[in-house]
Each structure stands twice: as C-alpha cells, then as structure tokens.
Amino acid sequence: TMTAETWTIPDPYHQPEFYADIPVKRLLAWVVDCIVILGVVLLALPFTAFTGIFFFPFLFLVLGFLYRWMTLASGSATWGMRLMAVEMRDGYGRKFDGATAFLHTLGYTVSLAFPFLQFVSIVMMLMGAKSQGLTDNVLGTVAINRRAAY
C-alpha cells in the first residue's frame with residue numbers, strides 16, 4: 001500500500017499525462033495571475049490615498065508575492081493554475097503547505113529579479129522531462145496536470 005512516505009512525484013516516462021502541456025499551461029496561468037494581481041493592485045490604490053502610484057512596482061511585487069503565497073498555500077495552485085488545471089506538488093507528491101508555498105514564491109520572486117535566472121528557469125521548463133523551472137529543481141517540486149492526479 002502507498003503512503004506519503006513511499007509515494008513520490010509521478011514519473012514523466014511512465015506517466016507522461018501528468019506533465020503534458022505543462023509549460024504552455026504555466027505560461028497561460030502566469031498571464032492570468034498577472035492580470036489578477038494587477039486588479040488587486042488597482043483595487044488597493046485608493047487605500048494608499050493613491051500614493052501607491054509612486055511606488056507601483058513595489059506594490060505590485062508585494063501584493064503579487066502575497067497572492068502567490070496565499071493561493072499556493074491554500075490549494076497548491078494560483079487562480080491562474082487552477083483555471084489551467086495545474087497543481088504544484090512537493091517531492092512526495094503532496095500539495096504545498098504554507099512553508100513550501102512561501103519558499104516557492106520566494107524562489108520565483110528572486111528569479112524575476114535576475115532576468116538570467118528567469119531565462120534559465122524557462123529553458124529548464126521547456127527542456128526537462130518534468131517541466132521543472134529553476135525553483136522547482138531547487139525545492140524538488142513539480143507542476144502537474146490536476147486531472148491526471150485524480
């Protein structure tokens with residue numbers, strides 16, 4: 001019988017359906033998430049007495065970080081990922097907890113700060129059998145198709 005201690009992430013060669021179209025789905029999810037974050041930032045502007053306009057990129061960064069962390073921690077997927085039927089899993093195949101969601105969001109944020117790291121991450125997603133980005137490789141996490149997981 002399989003337990004959390006014995007089960008790991010799906011094998012891309014024996015279970016390719018878990019990784020089918022993941023890079024494209026992650027890109028589309030990212031676009032959706034950026035639109036959602038922009039909406040949250042625009043809704044937050046009046047609460048800053050519109051001074052948020054002067055630190056808009058920082059506001060976008062902070063609210064985007066919180067959005068990604070909270071949505072990954074609560075459902076192992078951002079709203080964009082949920083729309084694209086993608087879930088993040090840790091090395092044991094479990095959904096993200098708060099700490100893993102925080103570390104994944106932190107890694108993503110650091111890679112955005114350094115365009116070379118983001119480029120490396122994208123190439124890794126396109127070339128790797130598990131479609132893992134740089135942060136995924138460091139943490140041992142994967143993005144999988146939700147429908148294949150159930």
Side-chain angles (χ1 to χ4, degrees), residues 2-44 52 55-150:
M2 299 296 271
T3 64
E5 291 77 31
T6 60
W7 199 79
T8 60
I9 55 178
D11 180 271
Y13 302 106
H14 295 102
Q15 299 166 301
E17 66 276 10
F18 281 95
Y19 303 101
D21 302 319
I22 286 296
V24 171
K25 288 181 173 186
R26 284 182 89 167
L27 174 63
L28 294 173
W30 179 81
V31 170
V32 169
D33 289 332
C34 285
I35 293 168
V36 169
I37 294 165
L38 178 61
V40 170
V41 171
L42 292 176
L43 286 173
F55 54 94
F56 194 82
F58 180 74
L59 189 61
F60 196 93
L61 176 76
V62 170
L63 293 179
F65 189 97
L66 292 172
Y67 162 80
R68 288 180 193 284
W69 179 20
M70 291 185 325
T71 56
L72 285 172
S74 68
S76 212
T78 63
W79 291 348
M81 290 176 187
R82 293 172 198 188
L83 185 64
M84 298 299 143
V86 171
E87 280 185 353
M88 299 302 299
R89 297 295 176 101
D90 70 10
Y92 295 104
R94 297 177 301 217
K95 291 185 176 191
F96 279 12
D97 58 16
T100 306
F102 177 83
L103 291 173
H104 198 276
T105 303
L106 182 62
Y108 164 77
T109 303
V110 169
S111 72
L112 281 182
F114 299 95
F116 177 74
L117 293 179
Q118 188 62 25
F119 176 75
V120 168
S121 190
I122 292 167
V123 170
M124 290 174 75
M125 280 185 218
L126 294 173
M127 303 295 284
K130 295 178 188 169
S131 301
Q132 292 173 293
L134 185 57
T135 300
D136 296 320
N137 269 279
V138 170
L139 296 177
T141 59
V142 293
I144 59 172
N145 284 307
R146 184 176 63 226
R147 289 188 185 98
Y150 299 106

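Values below: all heavy atoms of this structure, side chains included; hydrogens, waters and symmetry mates excluded.
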For a quick test of reading the model, state the closest non-hydrogen atom pair linking [X] to [Y] and the distance between them.
X	Y	value
Arg68	Ile37	NH2-CD1, 4.0 Å
Ala101	Leu72	CB-CB, 3.7 Å
Val32	Gly80	CG1-CA, 3.7 Å
Pro23	Met125	CG-O, 3.6 Å
Phe60	Val41	CA-CG2, 3.7 Å
Gly98	Ala73	CA-CB, 3.8 Å

Worked check of side chain to side chain contact (heavy atoms under 4.5 Å, CB included) between Arg89 and Lys95: CA-CA 5 Å; Arg89 297 295 176 101; Lys95 291 185 176 191; 3.8 Å; yes
Quick check: do [X] and [Y] have side-chain heavy atoms less than 4.5 Å from each other?
X	Y	answer
Met124	Asp136	no
Arg26	Met88	yes
Leu63	Tyr67	no

Rounded to the nearest 0.5 Å, how far does [atom2] of [Y] lie from [atom1] of [X]?
X	Y	atom1	atom2	result
Thr109	Leu61	OG1	CG	6.0 Å
Asp33	Thr71	CG	OG1	6.5 Å
Met81	Ile144	CE	CD1	12.0 Å
Tyr108	Leu134	OH	CG	13.5 Å
Gln132	Ile22	CD	CD1	11.5 Å
Asn145	Tyr19	CG	OH	10.0 Å

Greater than 12 external heavy atoms within 6.0 Å of Phe56's CZ: yes
His104 and Phe96 aromatic ring geometry - parallel, tilted or perpendicular at 30°/60° bounds: tilted
Pair Phe65 and Phe102, ring centroids less than 6.0 Å apart: yes
Any donor-acceptor N or O pair under 3.5 Å, side chains Asp90, Thr100: no
Any donor-acceptor pair under 3.5 Å from Arg146 side chain to Glu87 backbone: no
